[in-house]
Amino acid sequence: MVRWDNGAPRLSPTLRLYLELALDALHGGFATWSVLSTDERIAVALALNRHGWLSSMNCTMAQAIERMSPDWLACLPVVEGILQESGYDLQDRT
């Protein structure tokens, strides 16, 4: 996931993609999120705490977590932490 090299973070390809998708959805909202693949939508909705987005897919939180790959699931708390540390509000407003 995150590796430190000379004090600067290096992100794994999976973590970088996950973070980019989450940021795109934060800025573009539901319309941007809705064009992602099913697995990407699930991962991003979890990272952004968007229960309503999951509901629009008829998916519960438990089902979403169960569906995620181990790599993406391991990145989930890291992506959420990076977003929170960057000042993004991850309160569900859907």
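Because the structure is a prediction, the values reported are computed rather than measured.
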Working to the nearest 0.5 angstrom, can you tell me the gap between R41 CZ and S56 OG? 7.0 Å

In the structure I gave you, are the side-chain heavy atoms of L46 and L54 within less than 4.5 Å of one another anywhere? yes

Would you mind reporting whether L48 and W53 have side-chain heavy atoms less than 4.5 Å apart? yes

E40 side chain to S37 backbone, donor-acceptor under 3.5 Å: yes

Would you give the length of the straight line joining atom CG of L15 to atom CG of D71, rounded to the nearest 0.5 angstrom? 11.0 Å

Enter the distance from L26:CG to D89:CG here, rounded to the nearest 0.5 Å. 9.5 Å

Are Y88 and E80 side-chain neighbours, meaning at least one heavy-atom pair lies under 4.5 Å? no

Is there a chain of hydrophobic side chains (I, L, V, M, F, W, Y, each step under 4.5 Å between heavy atoms) that links I42 to V35? no

Close side-chain approach of T60 to Q63, heavy-atom, < 4.5 Å: yes

Show the nearest heavy-atom pair for residues L76 and A43, with the distance to one decimal. CD1-O, 4.4 Å

Would you call L83 and L23 a side-chain contact if the rule is heavy atoms closer than 4.5 Å? yes

Atom CD of E66: over 12 foreign heavy atoms under 6.0 Å: no

So S12 and Y18, do their side chains get closer than 4.5 Å, heavy atoms only? no

For the side chain of N49 and the backbone of L90, is there at least one donor-acceptor N/O pair under 3.5 Å apart? yes

A side-chain contact here means heavy atoms from C-beta on lying under 4.5 Å apart; do W72 and T14 qualify? yes

Partner of L11 by side-chain contact (heavy atoms from CB on, under 4.5 Å), out of V79, L19, V78: L19

So, do D39 and M68 sit near enough that their side-chain heavy atoms are less than 4.5 Å apart? no

If you compare all heavy atoms of C59 against all heavy atoms of A64, which two are closest, and at what distance to 0.1 Å? SG-N, 3.6 Å

